[in-house]
Amino acid sequence: MSESNDKMNYEDVMKLALERGFYFPSCEVYSDAQAGFWEYGPSGVSLKNKFLELWRRELIRRDGMLEIDGSQIMSKSVFEASGHLGNFADPIIRCTKCRSTFRADRLIAEISKIDIPESADLAEFDNAISQNNIKCPKCKSDFEKTRKFNMMFRVGIGPEEEEAYLRPETCQSIFVDFPRLFKTMRGKLPLGIAQVGKSFRNEISPRQSLLRLREFYQAEIEVFCNPSRLDVVEKFAEIQDTVIRVQTDSAPVAMTCKEAVESKVIPNKFVAYYLGILTEFYEKTGIDISKSRFRKLGEKEKAFYAQVAFDFEVETTIGWLELVACNYRSDYDLSSHANKSKEKFEVMDDEQKVLPHVFEISMGIDRSLYTILEHSIREDKENERIVLSVKPYLAPVHVGVLSLVKKDGLKEKTDEIFIGIKRKFDAFLDHSGAIGRRYRRLDEIGAPFAITVDHQTLEDDTVTIRSRDSMSQDRIKTSDLDSLLSKETSFP
RNA sequence: GCGGAAUUAGUCUAGCUCGGUAUGACGUCAGCUUCCCAAGCUGGAGGCCGCGGGUUCAAAUCCCGCAUUCCGCACCA
């Protein structure tokens, strides 16, 4: 890459997304469209599908995990057991005058130094506020009564509107399905169970398109393990020399997985193994790994169910973005569901009956796709073009099929070549306009190749194939197109 | 949710002060031209000016409400 190739920012990605069909606001023709909902267009869907195929290859198949597809609406009991009905709700207070909203527990703690657990009875907050004479910090007025704001979307099922919820994370189906899956799929610990799907959170202020949505995609992996065998990991050898970047305090430090375990930065080989294969996966997405870190979360930052937590974050032009939450959830989930449902969640491992612990790799797909776009898009000023230099196997379009000119039978020959490859590859046929313009369009959606039919094609059945990044062209036989494209666009 | 700014075609934008149904560019489509990198020529499509209400003979323009977007704050599993 020469120095004229400039990296681009959030605005540039947004513009590309709108103009080229990656993503755009949901319901935009109606004025009552709600914030926090976005649609993927054709280019976005194609990128997402390929990203998920890579995820399946690099994590699911590599580790022999099971993938399921659960319901998005789940019953009240699930979330009573999971703790989301109690803990996913914040006690909030609103000023009667300026209508500013605050977290009741945090404001009380800040002003009067009294710690009230956020799950406490609402009256406790009201009492503390009146006894300590707490007023709105902005306008000094009184507060309304404390109320709970739960970030789950409630839905009513059937004519009686039975209480149920849109899942706030996909993994709860994995936990409740675990006993059946372990039995019927002949499970053995450690066992990874994965799921891709939508989750729903009623965010107070959704922002920045794909980065904080109310309806979003997660790809979650829950690895069930025997907590006494966290350092007995045969596969560890595969990734012991893989370099990961870990940040425990001020700055990320690059180290191999082996070093991370030996220096106790990562608590055990089991966790290190998964952080290792996750890093290898993200390297293959084309995200710049030198701008990544596993940030170890402090006590206050961790989710209510997590014992140890690392966030996989990547630096972008709008700051560090959390792409994956890696949580060691211990037996929090399985024991909660066991207690609530009275089902047995213990399994046999090595002649020992255990209630498995869970290590979770909870990936935000939308944010990952944004980051891939931002790290791939560049302005090639020398050639006056925007190029999306994504990995060929992730490109929304693999190849453009162009006629140099429309006449003299070139159009027909081009159509014929297009028909020959369009089922196997994401190919885009284009006859209209100047050839340079057509190349530019393909550059913007990241098509790694363009094949062009010219007069010589009619004579010797060869075409030129142009590479997106170098703009250089080679002449090849049409009979070699299939094998060349297969090789160049295949997953690593 | 609070404060500030904004919202005009696929994208960017002029017009708003001082009311008379909208400007330009890029893009897009068709044709001509051109055998290789956003060229040129001709022609076309595309806007209830974010939504709703008010004032007025008349509203993109003035007033009110709402929504969305962006920037801060707060929140963020």
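Values in this document were obtained by computation on a predicted structure and should not be read as measured data. Letters go in sequence order (proteins before strands), and every chain restarts at 1. Just so it is clear, the values below take in all heavy atoms, side chains as well, and ignore hydrogens, waters and symmetry mates.
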Requested in this report: Assess whether atom NZ of A:Lys477 is packed by more than 12 heavy atoms of other residues, nucleotides or ligands within 6.0 Å.
Outcome: no

Query raised in the report: When rounded to the nearest Å, what value does the distance between P atoms of B:G43 and B:A58 take?
Result: 39 Å

Query raised in the report: Given the P atoms of B:A22 and B:G27, what is the spacing between them in whole Å?
Result: 25 Å

Report task. Look at the side chain of A:Lys15 and decide which nucleotide, out of B:U34, B:U11, B:C36, has an atom nearest to it. Result -> B:U11

Query raised in the report: Are side-chain heavy atoms of A:Val271 and A:Leu230 found at a separation under 4.5 Å?
Result: no

Query raised in the report: Can you tell me which stems RNA chain B forms when a stem means 3 or more consecutive Watson-Crick or G-U pairs under 3.5 Å?
Result: B:1-7 with B:67-73, B:10-12 with B:24-26, B:28-32 with B:40-44, B:50-54 with B:62-66

Report task. Using a 4.0 Å heavy-atom cut-off across all strands, classify A:Arg201 as base, sugar-phosphate, or nothing. Result -> base

Query raised in the report: Can A:Glu444 and A:Arg441 be counted as an ion pair, charged N to O under 4.0 angstrom?
Result: no

Requested in this report: Could you tell me whether A:Gln208 contacts a base, only the sugar-phosphate backbone, or nothing, with contacts defined as non-hydrogen atoms closer than 4.0 Å?
Outcome: sugar-phosphate

Requested in this report: Using a heavy-atom cut-off of under 4.0 Å over every strand shown, decide if A:Ser362 touches base, sugar-phosphate, or nothing.
Outcome: nothing

Report summary line: Looking only at B:A30, B:G10, B:C36, the nucleotide nearest the A:Leu404 side chain is B:C36

Report task. Confirm from the modelled atom types if A:Gln473 and B:C36 form a donor-acceptor pair under 3.5 Å, side chain to base only. Result -> yes

Query raised in the report: Looking at A:Phe359 versus A:Phe310, is the centre-to-centre ring distance below 6.0 Å?
Result: no

Requested in this report: Report which part of the nucleic acid A:Glu444 touches: base, sugar-phosphate, or nothing (heavy-atom distance under 4.0 Å, all strands).
Outcome: base

Query raised in the report: Expressed in whole Å, how much space separates the P atoms belonging to B:U42 and B:C26?
Result: 13 Å

Requested in this report: For B:G15 and B:G54, measure between their C1' atoms and round to the nearest Å.
Outcome: 24 Å

Query - Nearest-angstrom distance from the residue atom CH2 of A:Trp38 to C1' of B:C70 - result: 11 Å

Query - Atom P, compared across B:C51 and B:A59: separation rounded to whole Å - result: 15 Å

Query raised in the report: Can you tell if the side chain of A:Cys326 reaches within under 4.5 Å of the side chain of A:Phe294, non-hydrogen atoms only?
Result: yes

Query raised in the report: In terms of side-chain geometry, is the basic nitrogen of A:Asp430 or A:Arg437 positioned less than 4.0 Å from the acidic oxygen of its partner?
Result: no

Query raised in the report: Does A:Lys198 come within less than 4.0 Å of A:Asp366, counting only side-chain N to carboxylate O?
Result: no

Query raised in the report: A:Ala35 near the nucleic acid: base, sugar-phosphate alone, or nothing, with a heavy-atom cut-off under 4.0 Å?
Result: sugar-phosphate

Query raised in the report: Checking only heavy atoms, does the side chain of A:Asn383 share a donor-acceptor pair with the base of B:C37 at less than 3.5 Å?
Result: no

Report task. Answer with base, sugar-phosphate or nothing: what part of the nucleic acid does A:Phe24 contact at a heavy-atom distance below 4.0 Å? Result -> nothing

